[in-house]
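Whatever order the structure lists ligands and atoms in, that order sets their numbers, starting from 1. Note that the coordinates shown come from a computational prediction; the quantities given were computed from them, not determined experimentally.
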Amino acid sequence: MGFITIKEAIAQGEGAAELRGWIYRERESNKFKFIVLRDSSDIIQCIVKREDVAQELWDQVVKLQVEASITVKGTLHKDERAPTGVEMVVEELVVIGASDTFPITKDQSVEFLADNRHLWLRSQKMTAIMKIRSTVFGAIHEHFRGEGFYEYQSPIFQSVQCEGGSTLFNVPYFGQEGVFLAQTWQLYAEPAIFALEKIYTVAPSFRAEKSKTSRHLTEYWHAEMEVAWGDFDEVIRIGEALLKYVVKKVLEERQRELEILGRELDKLQPVVEKPFPRMTYTEALKILKDKCDLDIEWGKDLRTVEEDKLSALYDTPIIVTHYPKKVKAFYMTESPDDPKTVHGVDFIAPEGYGELIGGSEREADIEHIKRRLEEEGEDITEYEFYLDTRRYGSVPHGGFGMGIERLISWICGLDSIKDSIPFPRTMLRWKP
Ligand code: 4AD
Ligand code: MG
């Protein structure tokens, strides 16, 4: 006989089994010790009866504390009162690693749990989130590869900005100036479409965000794609298909985890079933005015409040296009029919989870790009490698970036983005 998982033991329901894991809960009387054992798959109640085991073992068992690691051998039987419907009567128990008194008990403050993140990862909540996170990452790779994309990597040490200088992290680099952590792969991805045409990545991005919001991290995981020959509609189509695929996968594989998190499945179902509503920025302002009583001056970027009000009107992400040129990045192409706006798109999550995807069709005109970089005060010479993409066989192309923790936060219905990643980094939190 060998070890089986707790999930397998629950399915088996009766007969002999051998399990290993950690003590999730324990209590005892004179005659019994109840241990709820957990492993990565589930939890199961185990009972040790004093009369059935040697005194020496009983003495050990009584001392066992929460989070000790043990192996048990015994007999399974169904029991309605047990937390997962099956109980093991233990015949043999081996203590693998004893545990000191575990610092995390019920009702700890958010800060305490953050300081003890390395231990809090073992909680049912974090375990459920990390399983969903694993499914999300797997689904992103599957989807892009299924659509014929190559996986491609940009450097993390970079010499240019792409999403504005104010959120760049400067890195000390052998005494050199002008080395930054990646905000995005984009300027190093565009050169590669000439070789691979359809590429994607899943990689960390870094933003020196001073905002202490529930949706900003300084280090986050970024799923990005870039396609040659892709026009604006193609970029939007790929974004919508990606979100639908990932959510569908989570609904198929992670119902139990969503249930542990108390997440209602019908918040996610419409995303798979319905097409996402599309609107231009200008139309969005009109909707905000008519339905939300918010009067925003044309040309102002949508702030969190406005995104939240707008998203509250729908049960799927919404697709907002044609933003004013001046609120968007230098590389976005002007809309041919309205040059005050660009072919840039944001996918805004339901329930106030903010921008999930930001993307665009890329500007083809090299002079336009140079002018806009100069307006931003950039040194053009640093961008020569990027400008070469427009000099040697340029083709229409576009791409987007999706914030994976934003997506996970929304899928799981989390209060803060910090719970969507094992060790969150923010302006105020970089330890442990
Ligand atoms: O909209 P952003 O800045 O777009 C880009 O970086 C493009 N260069 C992507 C591309 O076209 N290849 O960022 C993309 C997404 C946002 O929509 C958001 O979901 C996420 O990245 N994001 C963050 N997530 C967590 N914390 C932060 N500080 C984030 N900043 C952006
Ligand atoms: Mg954006």
What protein heavy atom sits nearest [atom], and how far off is it?
atom                    : result
atom 15 (C) of ligand 1 : G401 O, 3.6 Å
atom 28 (N) of ligand 1 : L217 O, 2.8 Å
atom 7 (C) of ligand 1  : E163 OE2, 3.2 Å
atom 1 (O) of ligand 1  : E355 OE2, 2.9 Å
atom 11 (O) of ligand 1 : R362 NH2, 2.9 Å
atom 31 (C) of ligand 1 : Y220 OH, 3.4 Å
atom 14 (C) of ligand 1 : H222 NE2, 3.3 Å

Checklist line | Candidates R215, K418, R425, R133 - the one meeting salt bridge (Lys or Arg N to Asp or Glu O under 4.0 Å) with E405 | finding: R133

Return yes or no for this condition: an N or O of [X] is under 3.5 Å from an N or O of ligand 1.
X    : answer
L356 : yes
H216 : no
G403 : yes

Margin query: I need the contact type for Y331 against ligand 1. Using non-hydrogen atoms and a strict under-4.0 Å cut-off, is it side chain, backbone, both or neither?
Written below: side chain

Next item on the list: Classify the contact between I357 and ligand 1 as side chain, backbone, both or neither, using a heavy-atom distance cut-off of under 4.0 Å.
Entry: backbone

Next item on the list: Using a cut-off of 2.8 Å, find all protein N, O or S atoms closer to the Mg ion (ligand 2) than that distance.
Entry: E355 OE2

Checklist line | F347 near ligand 1 by a heavy-atom separation under 4.0 Å | finding: no

Check: Hey, does E190 sit under 4.0 Å from ligand 1 if you only count heavy atoms?
Finding: no

Item checked: Gap between atom CD of E297 and atom CG of L285 - 0.5 Å precision -> 10.0 Å

Margin query: Would you compute the distance between atom CG of L242 and atom CZ of F347 and round it to the nearest 0.5 angstrom?
Written below: 9.0 Å

Note to self: I'd like to know if the side chain of D79 and the backbone of G85 have a donor-acceptor N/O pair within less than 3.5 Å.
What the structure shows: no

Check: Do the rings of F400 and F144 sit parallel, tilted or perpendicular, given the 30° and 60° boundaries?
Finding: tilted

Going by the order shown, which atoms of ligand 1 are within less than 4.0 Å of some heavy atom of [X]?
X    : answer
Q186 : 7 (C), 8 (N), 10 (C), 11 (O), 12 (N)
E209 : 28 (N), 30 (N)
G358 : 1 (O), 9 (C), 11 (O), 17 (O)
G399 : 11 (O)

Is there side-chain contact between [X] and [Y], with heavy atoms separated by less than 4.5 Å?
X    : Y    : result
I404 : V136 : yes
F423 : W430 : no
R362 : E226 : yes

Note to self: For the residue pair E224 / T184, report whether a side-chain donor-acceptor contact shorter than 3.5 Å exists.
What the structure shows: yes

Next item on the list: Scan side-chain atoms only and decide if E209 and Y220 contain a donor-acceptor pair under the 3.5 Å cut-off.
Entry: no

Check: Who passes ring-ring contact (aromatic ring centres under 6.0 Å, His included) against F157, sequence neighbours left out?
Finding: Y173

Next item on the list: Starting from the C-alpha separation in whole Å, work towards a yes-or-no answer on side chain to side chain donor-acceptor pair (under 3.5 Å) for E163 and Y331.
Entry: CA-CA 10 Å; E163 299 302 329; Y331 53 74; 2.6 Å; yes

Item checked: Check: F385 ring centroid to Y188 ring centroid under 6.0 Å -> yes

Next item on the list: Step through it carefully: locate the ring centre of F206, locate the ring centre of F169, and say whether they are under 6.0 Å apart.
Entry: no

Next item on the list: Inspect the surroundings of CG in D290 and state if more than 12 heavy atoms from other residues, nucleotides or ligands are less than 6.0 Å away.
Entry: yes

Next item on the list: Would you tell me which option among R215, E224, R207 has the nearest heavy-atom contact to atom 6 (O) of ligand 1?
Entry: R207

